[in-house]
There are 2 protein chains.
Amino acid sequence: MEYKNELRRFIQEELHQYLSHVSVDLTIFGFHDGQLKVLLLRWKGSDDWSLPGGRIHRDENLDAAAYRSLQERTGLREIYLQQFHTFGEVERYKNFSRQETAVRLGIPADLHGELFRRDVSVGYFALVEFAEVTPTPDRFTDECRWWEVAGVPPLLFDHNDMIRLALKTLRQQLSYQPVGYNLLPEKFTMPELQRLYETILGKPLDRRNFQKQMLAYGLLERLEERKTGGAHKAPFLYRFDREKYGKALEEGI
Amino acid sequence: MEYKNELRRFIQEELHQYLSHVSVDLTIFGFHDGQLKVLLLRWKGSDDWSLPGGRIHRDENLDAAAYRSLQERTGLREIYLQQFHTFGEVERYKNFSRQETAVRLGIPADLHGELFRRDVSVGYFALVEFAEVTPTPDRFTDECRWWEVAGVPPLLFDHNDMIRLALKTLRQQLSYQPVGYNLLPEKFTMPELQRLYETILGKPLDRRNFQKQMLAYGLLERLEERKTGGAHKAPFLYRFDREKYGKALEEGI
DNA sequence: TCAAAAGTGTTTAGCATACACCCATGC
DNA sequence: GCATGGGTGTATGCTAAACACTTTTGA
């Protein structure tokens, strides 16, 4: 009941503050335990999951709106965020029909029209450091948590498509833009960086060639320290040279 | 006067048929006389130019809306059309302020607000065969014609930025996707294809290496004929293998 | 002392670059 | 015949891929 009132209040009092017919959706990638993860939200009183997203204030830049949603869900600032595609099909209900979606989410019939108007949605993906994130649900959701990308269930709307395309874009970028700064802790080992690349690309890489290539980019600084406590030979720790990394992001590797 | 009434009629009777706060803009590239060209519109009663664009019907897919505008301006079907970026800044008036734009276009003060609402605009670029195009102005414009990309004047809104980014995207795609099918006539010579590449990339290419590379892609079929009438040795004519070309577009070269 | 992981260097192959000669055509 | 442009082949260099041995560590 409270939820339905919340929906009504949102529609009547707040929806007009935002641009109509446009929204943003976020594919937030994190890396943990050798797995690529994505942050999903479970809707109130349902078992259904979707990507986080949000609307755009009337006086807010598009990028700023995406950034705001990202901060709200993760608590993070200064993260890598990039637009990758705008989804504009009339029928964006893929796994579940529009009607079925409304029922599953317990949206009262008289609110369907207002709440599920047709939107053009601008898709962004973000790369964040797993350990730094505090997953936080929004007003319409009960739970916010990481899912392994490979194990994501059928999502609401066209969000499985979004994740697929975000990942494809990320893979392509890997070859001409540096990745890692925002997905790894400040200090990391070469094997850790390699696991990240292997996970994103979905294929094994040669240890020696990988190291050569990474070092050749000139973005890494090897520290004196080694990572101890592992069961085997202690690997060196590395750190990204922030300035060079930023420049490489701008201009390509 | 007629123009102002047209504007009023549009706002009152037609604007509601479209999604609000979203539009599409098109950068239509053509190739002629060894120059890369872009199709621009001159607004009624003004000397100011902009990219063609349009709004999205409430029951129309985003891509379909872009495609429809493209057909209306060029008369063409079956052209290469691709989304490249969504422009969502609040202030998209770059060369001329919002106020100045209204004055230059002769928009009555009482219509500023309605007609120049803030829009998020999805940018598409298209590649078309120059000779096949019939440039056609829309209801708000007097003239539609090709401009050399390098000589485009300061445009309305953020359209110079759009062209710049469209061109950048096209250049990047050149290296992993085939280009040419939609920019050249069905039969063309290797030197013609090379001019096209050189024009897009803005730099000269080696004749011999270019030919080797193009043929290595396996997308070209050499015809028996040669192009006669030129002042020099008759070059062979080539044609794209449409099936392989389509496959290469999907999967990358 | 052994298994598992990490550090390092060399060889090889493929692709992109650089480059030179011959042929056809119009003036 | 000569200037201009078109057709073709080969040598070279660089980057990416393939690959092996040694070192460190905890069990």
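Just so it is clear, the values below take in all heavy atoms, side chains as well, and ignore hydrogens, waters and symmetry mates. Throughout, a chain's letter reflects where its sequence line sits, starting with A, and its residues are numbered from 1.
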Is the shortest side-chain N to carboxylate O distance from B:Asp158 to B:Lys94 below 4.0 Å? no
Send over the distance from A:Arg208 CZ to D:dA18 P, rounded to a whole Å. 11 Å
Residues, nucleotides or ligands: over 12 heavy atoms within 6.0 Å of A:Lys227 NZ: no
If only atom types and distance count, is the side chain of A:Thr141 paired as donor or acceptor with the main-chain N or O of A:Pro137 below 3.5 Å? no
Rounded to whole angstroms, how far apart are CE on A:Met214 and P on D:dA16? 10 Å
Mind calculating the distance between CZ (A:Phe210) and P (C:dG9) to the nearest angstrom? 18 Å
For nucleotides 2-6 of chain D, print each protein N/O atom paired with a nucleotide N/O atom at under 3.5 Å, atom names and distance only.
from	atom 1	to	atom 2	distance (Å)
D:dT4	O2	B:His232	ND1	2.8

Flag the pair A:Glu192 and A:Arg195 as a salt bridge only when some basic side-chain nitrogen lies within less than 4.0 angstrom of an acidic carboxylate oxygen. no
Check whether any side-chain nitrogen or oxygen of A:Gln211 sits under 4.0 Å from OP1 or OP2 of C:dA6, and answer yes or no. no
Starting at atom CD of A:Gln194, determine the distance to atom P of C:dT8, rounded to an integer number of angstrom. 14 Å
Centre-to-centre under 6.0 Å for A:Phe84 and A:Tyr124, is that the case here? no
Can you list the steps and then say if B:Tyr67 with B:Ile79 is a side chain to side chain contact (heavy atoms under 4.5 Å, CB included)? CA-CA 9 Å; B:Tyr67 195 68; B:Ile79 25 55; 3.1 Å; yes
Whole-Å distance, B:Leu215 CG to D:dG9 P, equals 11 Å
Atom OH of residue position B:Tyr245 - does it have more than 12 heavy atoms of other residues, nucleotides or ligands inside 6.0 Å? yes
Would you kindly give the CG-to-C1' distance between A:Leu205 and C:dA6, to the nearest whole Å? 16 Å
Whole angstrom is fine here: how far is it from CG in A:Leu201 over to P in D:dA16? 14 Å
Let me know the distance between NZ of B:Lys227 and C1' of C:dT25, rounded to the nearest Å. 16 Å
Check the surroundings of atom NZ in B:Lys187: do more than 12 heavy atoms from other residues, nucleotides or ligands lie under 6.0 Å from it? no
Residues passing the ring pair (Phe, Tyr, Trp, His ring centres under 6.0 Å) test with A:Trp43, sequence neighbours excluded, are none
Please produce a list of atom pairs where a protein N or O lies less than 3.5 Å from an N or O of nucleotides 10-16 of chain C.
from	atom 1	to	atom 2	distance (Å)
C:dT10	O4	A:Lys212	NZ	2.7

